[in-house]
Amino acid sequence: GADWRAGCRWLCAVGLAGLVIGADLLVRGAVSIATAHGIPESIIGLTLVALGTSLPELAATAVAAWRKHTDVAIANVIGSCLFNVLSILGITAMLHPLQIAEDIRNIDVWIMLACSLVLIPMLYRDRKICRIDAVILLAGYAAYIASLGWRLG
């Protein structure tokens, strides 16, 4: 009873501390990479940091899809996007105002909107995202990553 709950509290505290320390290391490392290679921090955030923070999301969604819990998989991705945009940006801006990089404001926000619009018919047509849709989504991401490379060049 009580020993188990105390152990859980201790593990939660250690996990939270690890999360905070890991996030700090991720940001410091990303900024260090950007500075060392002359890459804008926004590009590092849009690639390495985004990938690093999204891998657990990919794992959870892939497991849900593999186990045929497709509602969980789709809801997880959409819920995560909504949480990131609304809650994470909101909470962070409450702590410290966020300056929005010009390239994000002028390019990436519009790409995000366009991707959302591409996804809408996929969610309503036949009520499933099929392999052709998957290829379209993955090709879109590859094109987006390539466009970030072109911005550097």
Side-chain angles (χ1 to χ4, degrees), residues 12-66 69-153:
C12 285
V14 169
L16 183 59
L19 180 65
V20 170
I21 291 167
D24 183 58
L25 290 172
L26 177 66
V27 171
R28 287 177 193 263
V31 170
S32 175
I33 290 168
T35 304
H37 297 291
I39 300 171
E41 289 182 16
S42 61
I43 299 285
I44 294 295
L46 291 165
T47 56
L48 293 178
V49 175
L51 180 65
T53 60
S54 297
L55 288 176
E57 198 72 39
L58 173 60
T61 303
V63 167
W66 184 262
H69 299 293
T70 56
D71 287 349
V72 172
I74 297 290
N76 182 38
V77 172
I78 292 172
S80 176
C81 290
L82 289 169
F83 182 77
N84 283 333
V85 170
L86 301 174
S87 294
I88 301 289
L89 278 178
I91 291 167
T92 306
M94 291 286 289
L95 299 173
H96 188 281
L98 301 173
Q99 185 71 31
I100 306 194
E102 188 175 340
D103 58 333
I104 291 175
R105 190 175 57 247
N106 293 336
I107 301 170
D108 300 295
V109 168
W110 298 104
I111 291 173
M112 185 174 68
L113 177 62
C115 292
S116 297
L117 294 174
V118 165
L119 186 62
I120 289 171
M122 291 178 184
L123 294 173
Y124 284 94
R125 185 195 66 245
D126 297 334
R127 295 186 172 204
K128 66 172 92 169
I129 296 177
C130 63
R131 287 193 170 95
I132 293 170
D133 296 332
V135 169
I136 291 168
L137 293 171
L138 291 170
Y141 186 69
Y144 174 67
I145 293 300
S147 78
L148 293 175
W150 290 322
R151 278 192 230 175
L152 294 174

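Excluded from the calculations below are hydrogen atoms, water molecules and symmetry mates; all remaining heavy atoms, backbone and side chain alike, are included. Not measured: the values here are computed from a predicted model.
The minimum heavy-atom distance linking M122 with I136 is given by the pair CE-CG2, 3.8 Å. Residues A60 and N76 approach most closely at CB-ND2, 4.0 Å, considering heavy atoms. Taking all atoms of both residues into account, the shortest heavy-atom contact from S42 to I104 is CB-CD1, 3.8 Å. Minimum interatomic distance between I44 and A34 (heavy atoms only, all atoms of both residues): CG1-CB, 3.5 Å. The shortest non-hydrogen separation linking A65 to A73 is N-CB, 4.1 Å. In this structure, P121 and V118 approach most closely via the heavy-atom pair CD-O, 3.2 Å.
Between the OG atom of S147 and the CD1 atom of I107 there is a distance of 7.5 Å, given to the nearest 0.5 Å. Distance check, rounded to the nearest 0.5 Å: OH of Y124 to CG of L119 gives 10.0 Å. For the atom pair CG (L98) and OG1 (T92), the distance works out to 6.0 Å, reported to the nearest 0.5 Å. Atom CD1 of I39 and atom CG of L48 lie 8.0 Å apart (nearest 0.5 Å). Atoms CD1 and CD1, on I43 and I145 in that order, are 9.0 Å from each other to the nearest 0.5 Å. A distance of 4.0 Å separates CD1 in I74 from CD1 in I129, rounded to the nearest 0.5 Å.
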Task: I100 vs V109, side chain to side chain contact (heavy atoms under 4.5 Å, CB included): CA-CA, chis, key distance, verdict - done: CA-CA 11 Å; I100 306 194; V109 168; 5.8 Å; no
- [ ] For L113 and W110, run side chain to side chain contact (heavy atoms under 4.5 Å, CB included): C-alpha distance rounded to whole Å, both residues' side-chain angles, the deciding distance at 0.1 Å, then the answer.
- [x] CA-CA 5 Å; L113 177 62; W110 298 104; 4.0 Å; yes
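Looking at heavy atoms from C-beta onward, L26 lies in side-chain contact with V49 at the 4.5 angstrom threshold.
Summarising the local packing, CD1 of I132 is surrounded by 12 or fewer heavy atoms from other residues, nucleotides or ligands at distances under 6.0 Å.
Among S80, C81, S87, the single residue meeting the side chain to side chain contact (heavy atoms under 4.5 Å, CB included) criterion with N84 is S80.
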